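Please read all numbers here as calculations on a predicted model, not as lab measurements. So you know, we letter chains A, B, ... as the sequences are listed, proteins then strands, and number each from 1.
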2 protein chains.
Amino acid sequence: MAGRKARGAGSGAGITSRDVAKALNISQSTVSRAFTPGASISPALRDRIFAAAEKVGYRPNLLARGLIAGKSNLIGVVLARQTNLLYPELLYELSGRLAERGYQVLLFPIGDAASVQDAINRIWSFRVDAVLATGVLDEAAVSAFEQHGLPLVMFNRVFDLPISSVSCDFAAGARDLATRLLKAGHRDIGLVGGPEGSFVGAEVERGVRAALAGWADARLSVAHVDYRYESAAEALKLLRREDGGLPGALLCVNDTVAAGCLDQLRGTLGRTVPGDVSVVTFGGFGPARWQSYRLTGMQQPMDQMTDAAIELLVGRIADSQSGVERRSFLPVFMEGDTAAI
Amino acid sequence: MAGRKARGAGSGAGITSRDVAKALNISQSTVSRAFTPGASISPALRDRIFAAAEKVGYRPNLLARGLIAGKSNLIGVVLARQTNLLYPELLYELSGRLAERGYQVLLFPIGDAASVQDAINRIWSFRVDAVLATGVLDEAAVSAFEQHGLPLVMFNRVFDLPISSVSCDFAAGARDLATRLLKAGHRDIGLVGGPEGSFVGAEVERGVRAALAGWADARLSVAHVDYRYESAAEALKLLRREDGGLPGALLCVNDTVAAGCLDQLRGTLGRTVPGDVSVVTFGGFGPARWQSYRLTGMQQPMDQMTDAAIELLVGRIADSQSGVERRSFLPVFMEGDTAAI
DNA sequence: CTGAAAGCGCTTACAG
DNA sequence: CTGAAAGCGCTTACAG
């Protein structure tokens, strides 16, 4: 039982600036200044303080610093279930580059609608400096952030509301892809979109329709399914014409469902790709580039998008008056083996 | 310039328990008690406080609470570049289940050796309650945690040091896989291991050798490459015998490199799988189950492993005297199309 | 059940 | 360049 009142995590846990000050017979505020970049302190004393701090294992408590500075150096990331599947490198890259600027990423997973409100409450309670949201947030949730005055940046989702965002220009990419298909002679296009209400799905559809506008003899059918590999079978069922035929070209909103379509077509349905059917996609996810798939399509410039997200986040923290900014990035065409274009 | 002293993130940012207290003409400590589960307060007053808090948008500042409680409710996760690729669901599941227990995941990405020390310093500065580490940490880094008295749980890495860990039993799984290959008639096995010094690679090799011990006519060759898809070509080059032949069975440490081997064999090298060569793997990563791959092998019970990690983390926080515990989980055999076993 | 006071570990004017 | 003091927003004995 003895000693169980020792606070925190163990041996070095309770060391404060006061301990370092005592060891050196100086004031606590001087120790604090040694760890404050730009503060007025003699270099010699600072070196002694650093040495003493090193010896006793002192590190400034960032929670306390955050409390007084009104700045936690925490960036909240709202994480949806599929985020890591769609953007496997995002979290690592984002957190790495933010760390260089002194920020740490705090994760807020969201599931159903109930947990969204819960996550917002926790985000608020942790006094994060800004929030990046991937995945589904509705307008009500987004407004809640603004009410709290919390800088919010959306990733791959643009609202009509005044919210900053970084996104791939799916509409332009889809228009480009559809135009390539049309020029290659395709007139019957099937769109494998996201779930009903999906932002990406709507944008892609908009782009495809814009491309089709100039071609009177072209037709489009749309299937709304979720993003899973397994949903491809359902999508293909939905896209069948009355005569039982399938569109000669499939435009998919992401790699996973595109891979599913490819396997369905080549396997169960006995079609050749791109001989009988062309398949194009939005992606860049590793396996879509593996030799057995090599999907033709558009690749999101994730590297630039990540940098842009960081700039927006950090910019709004530095200057809370800085306005809403939407950055949109054109995807780049990616050669592959699945489309005759 | 006016109003630029407003602290924090904007409108609701500066609301404290004192504001709520003032609005209700009660003391600040009473407001605090309303938000402390189990604290002594009349239900009627608590309801009034909750209502007032709701109206002005007050939420307790968890940083301040953490400061005084000596407990931040933060769990640090050391994130390596390949973590999300190897375990795409880990972060979402882990953070979601921890959130249910009131903990938040704080990310600490690590790259080169320099950044490991840096990450440890930041972890320490944020006063996280415990740390889960995936990916590479050397013994020195691990010892640093123990010196600070920081509860540490390793994921899929076991040290000789007294460190808690959750891991898949790669050795047992590899022994099982190798035995299946041997019983199916294979006598020439190639191991595509992880990089030199990799824990998983060493464990798998140990397991395979244990299986081979009973079979005098069996032989094993080992190639150490990294985990990337592209490394498969190099691995196959390393595994060639002097007569130019390849082992009849390939045991790969993960899905990505196994998929690479499969594509190399079926593509460039013109072999049939599993006709000419059998390929088995450790994994469960989605694309390895897609129809074009359907890799045969062992699947890690990620769900149980995630739960175990949470129990260990939370357990050590609740009772810092709780001892070191290593939990090991047997992988389960996964049928597929790539091995004649 | 409620309030006044001390204190968590820091930063930051303010004097000297 | 350094120190004493106030205060960030909370929790928690201690009285009443």
Side-chain angles (χ1 to χ4, degrees), chain A residues 5-9 12-49 53 56-74 102 124-129, chain B residues 5-9 12-49 53 56-74 102 124-129:
Chain A
K5 291 214 76 171
R7 197 181 327 95
I15 300 165
T16 74
S17 57
R18 194 153 270 123
D19 296 323
V20 178
K22 242 174 240 164
L24 257 34
N25 251 312
I26 57 177
S27 76
Q28 178 271 331
S29 36
T30 303
V31 175
S32 173
R33 269 194 293 268
F35 286 92
T36 306
S40 139
I41 187 171
S42 84
L45 183 51
R46 185 202 283 131
D47 288 347
R48 286 179 56 212
I49 292 174
V56 299
Y58 169 74
R59 295 248 78 206
N61 182 329
L62 260 37
L63 266 35
R65 178 181 288 178
L67 189 60
I68 210 163
K71 185 170 184 304
S72 63
N73 289 312
L74 259 24
W124 180 226
S125 273
F126 273 102
R127 299 299 191 269
V128 301
D129 292 334
Chain B
K5 291 215 78 172
R7 198 181 327 96
I15 299 166
T16 74
S17 57
R18 193 152 271 123
D19 296 323
V20 178
K22 243 173 241 162
L24 256 34
N25 251 312
I26 57 176
S27 76
Q28 178 271 331
S29 36
T30 302
V31 176
S32 173
R33 269 194 292 268
F35 286 92
T36 306
S40 140
I41 187 170
S42 84
L45 184 50
R46 184 201 282 133
D47 288 346
R48 285 179 56 213
I49 292 175
V56 298
Y58 169 73
R59 294 249 78 206
N61 181 329
L62 261 36
L63 266 36
R65 178 181 287 178
L67 190 60
I68 211 164
K71 186 168 184 304
S72 62
N73 290 313
L74 259 24
W124 180 226
S125 272
F126 273 101
R127 300 296 191 269
V128 300
D129 291 335

| field | Nucleotide nearest B:Q28 when distance is taken to its side chain, options C:dT12, C:dC10, C:dA5 | value | C:dA5

| query | Counting side-chain heavy atoms from CB outward, which of C:dT2, C:dA4, D:dC1 is closest to B:S40? | reply | C:dT2

| said: Pick the closest DNA chain C nucleotide for A:L62 and for B:L45 by heavy atoms, then say which residue is nearer the 5' end. | reply: B:L45

| Is there a side-chain polar atom (N or O) of A:S42 under 4.0 Å from OP1 or OP2 of D:dC1? | no

| query | Which comes earlier along DNA chain D counting from the 5' end, the contact point of A:A39 or that of B:R59, where each point is its nearest nucleotide? | reply | A:A39

| said: C:dG3, OP1 or OP2 - any side-chain N/O from B:T30 closer than 4.0 Å? | reply: yes

| said: Quick check for you: among D:dG3, C:dC1, D:dC10, whose closest atom lies nearest to any side-chain atom of B:Y58? | reply: D:dC10

| field | N/O donor-acceptor pair under 3.5 Å between B:D129 side chain and B:K71 backbone | value | no

| said: Checking contacts here: which listed nucleotide (D:dG9, D:dA13, C:dC10) is nearest the side-chain heavy atoms of B:A64? | reply: D:dG9

| query | Under 3.5 Å, is there a donor-acceptor pair linking the side chains of A:T30 and A:S27? | reply | yes

| Nearest to side-chain heavy atoms of B:S17, which nucleotide of C:dT11, C:dA13, D:dC10 | D:dC10

| field | Any-strand Watson-Crick or G-U partner of D:dG16, both distances under 3.5 Å | value | C:dC1

